[in-house]
Structures are given as structure tokens and as C-alpha cells.
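First up is the structure itself, then whatever we jot down about it.
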Amino acid sequence: MGKGNPRAHKRANVNQGVQKKRIKISAVPIVIDGATGVGWGTVPIGDFPEGNIHFISAVAYLSVVGAGGQAGLSDTWAGDFGIGTTPASDGTITGADVDIIPSTALAAATAEVSPRTRGASLAAAPIAILDNTTGSLEINASVLVDDADISADTMLATLEGELDIAYMVLGDD
């Protein structure tokens, strides 16, 4: 056993400075409901380590790929995506639904596949402290489909891309 207090040095993530994490999003299934109004779906894509998370910034590149030939979804649908710490619960993405990457427009799809689109955290937004002292905070991707492009529930799609995120862990309780 080494000198000092070696067990104290094993405490995870407390004094590591800025951490950068890449979350690969590969064929992550998402169900989009839109029988009435704007279509929406949300899915967890990652999480943070336990502790007080000092969120700094993030950049995402995302594409939404429909299952193809779905009767309730236009082949050339358009919409938005956002990434946040709460899942969307309706046809809007606001507040904590988009506190990592704000709502970002997706251009018209081709054969139900949206173009790969860049979304970035706002430079003017204040740096946030996220409470993950319980270890339950998720990173959620939400997708909206314009009302004119969707007319059914349970439209199947997958998410493709990556999210690069920078943060610091400022201790834990």
C-alpha cells in the first residue's frame, strides 16, 4: 500500500477539470407521435457522471432516419431537433428539453432521411450548474416533425450522429 491516503485519490471525477465527452448516436430508435398536431418523439442518448455538473458547451451533428414507406410520414418531412436534460412531453421543445442544444431546424428530408445537421449550444447562454447529485440526470434528444408532414402516431425512426459536450464536475454531496 502506498503512502498517504490512496483511497481518497480514487474518488471519481471530483478534481479533473474540464471534461470532454463524445456521445456516438448510432441507430438509436425513436418513436414519433403526430396523429394530431406537431409530431414529436424523445429518447435518452447518454448521461452525466454523478455530481454538480458545470455545463460549458456542446455541439451536435444529427440526422433522423425514418423507417421508409410509412403511410403517416411524408418522405420529405421537415422539423427540428434539440438536446436537453428533460424529455419532451408534447409537441414543443423548450426549457430543460433544450438546455444543451437549442431547437435546431432540420431541412426537408429525402426518402424520410433528414440531412445531417449541426446544432450548437448558445454562446450567449449562461453557463449552467446541473444538479446530478442523485446520478439520474439524462441527456435526451427530442425531434419535432412539422404538422403538415405527419398524420399518425408510432412513426419509427433512428437517430444518427454525435454529441460533443464539455463540462466540469464540481463535487458531490
Side-chain angles (χ1 to χ4, degrees), residues 12-14 16-34 38-67 73 77-110 112-146 155-172:
N13 298 322
V14 174
Q16 294 183 350
V18 174
Q19 297 179 48
K20 293 180 265 178
K21 180 177 187 176
R22 172 168 276 187
I23 298 172
K24 292 193 180 271
I25 305 163
S26 180
V28 174
I30 186 169
V31 176
I32 301 171
D33 290 333
V38 172
W40 64 278
T42 190
V43 65
I45 57 170
D47 56 14
F48 289 104
E50 186 173 326
N52 293 294
I53 307 300
H54 180 97
F55 171 70
I56 300 170
S57 63
V59 174
Y61 287 90
L62 195 65
S63 177
V64 182
V65 179
L73 183 64
W77 68 269
D80 302 273
F81 82 90
I83 299 175
T85 55
T86 61
S89 59
D90 58 22
T92 63
I93 48 176
T94 59
D97 300 348
V98 289
D99 58 356
I100 296 173
I101 301 290
S103 185
T104 303
L106 289 166
T110 302
E112 290 188 19
V113 179
S114 75
R116 181 176 160 92
T117 303
R118 179 185 183 271
S121 57
L122 299 173
I127 295 174
I129 303 294
L130 306 171
D131 182 358
N132 192 32
T133 55
T134 63
S136 61
L137 195 63
E138 295 179 331
I139 300 172
N140 298 281
S142 298
V143 174
L144 301 180
V145 175
D146 293 350
M155 296 291 96
L156 304 176
T158 57
L159 303 180
E160 299 286 342
E162 60 273 337
L163 169 67
D164 290 305
I165 190 165
Y167 60 90
M168 293 171 48
V169 180
L170 300 177
D172 197 356

Next item on the list: Check the pair Asn140 / Ile83 against side-chain contact (heavy atoms from CB on, under 4.5 Å), numbers first and verdict last.
Entry: CA-CA 6 Å; Asn140 298 281; Ile83 299 175; over 6 Å; no
Next item on the list: Please confirm whether the backbone N or O of Val64 pairs with a side-chain atom of Ser114, one donor and one acceptor, at under 3.5 Å?
Entry: yes
What closest approach, in Å, do [X] and [Y] show between heavy atoms, and which atom pair accounts for it?
X	Y	result
Asp131	Leu137	O-CD2, 4.4 Å
Ile56	Met168	CD1-CG, 4.1 Å
Pro102	Ser121	CD-CA, 4.0 Å
Glu50	Asp172	OE2-OD2, 2.8 Å
Thr92	Leu144	N-CD2, 4.2 Å
Tyr167	Phe48	CD2-CE2, 4.1 Å

Out of curiosity, [X] [atom1] to [Y] [atom2], how far, rounded to the nearest 0.5 Å?
X	Y	atom1	atom2	result
Asp90	Trp40	CG	CH2	6.5 Å
Ile165	Leu163	CD1	CG	5.0 Å
Ser57	Ile101	OG	CD1	8.5 Å
Leu73	Ile32	CG	CD1	7.0 Å
Ile139	Phe55	CD1	CZ	9.0 Å

Item checked: side-chain hydrogen bond (donor to acceptor under 3.5 Å, both in side chains): pairs with one or both residues in residues 78-88, sequence neighbours excluded ->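 Found Thr85-Asp99, Thr86-Asp97.
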Checklist line | Non-neighbouring partners of Phe81 that pass ring pair (Phe, Tyr, Trp, His ring centres under 6.0 Å), sequence neighbours left out | finding: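 In terms of ring pair (Phe, Tyr, Trp, His ring centres under 6.0 Å), with neighbours along the sequence ignored, Phe81 is linked to no residue.
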Residues in side chain to side chain donor-acceptor pair (under 3.5 Å) with [X], at least two apart?
X	value
Thr134	Ser136
Glu160	none
Thr94	none
Thr42	Ser142

Check: Below 4.5 Å, heavy atoms only, C-beta onward: do Thr117 and Leu62 meet side chain to side chain?
Finding: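 Of all side-chain heavy-atom pairs linking Leu62 with Thr117, none is under 4.5 Å.
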Note to self: If you define the side chain from C-beta out and look only at heavy atoms, does anything of Ile53 sit under 4.5 Å from Val169?
What the structure shows: yes
Check: Quick one: salt bridge (charged side-chain N to carboxylate O under 4.0 Å, His left out) partners of Arg116, sequence neighbours excluded?
Finding: Glu162
Next item on the list: Just do the side-chain contact (heavy atoms from CB on, under 4.5 Å) check on Val113 and Val65 with the steps written out, would you?
Entry: CA-CA 4 Å; Val113 179; Val65 179; 3.8 Å; yes
Listed by chain and number, what are the side chain to side chain contact (heavy atoms under 4.5 Å, CB included) partners of [X], not counting sequence neighbours?
X	result
Ala109	Trp77
Val98	Ile93
Ile129	Asn52, His54, Leu170
Ala107	Pro115

Checklist line | Residue pairs involving residues 18-32 (criterion salt bridge (charged side-chain N to carboxylate O under 4.0 Å, His left out); sequence neighbours excluded) | finding: Lys21-Asp47, Arg22-Asp164
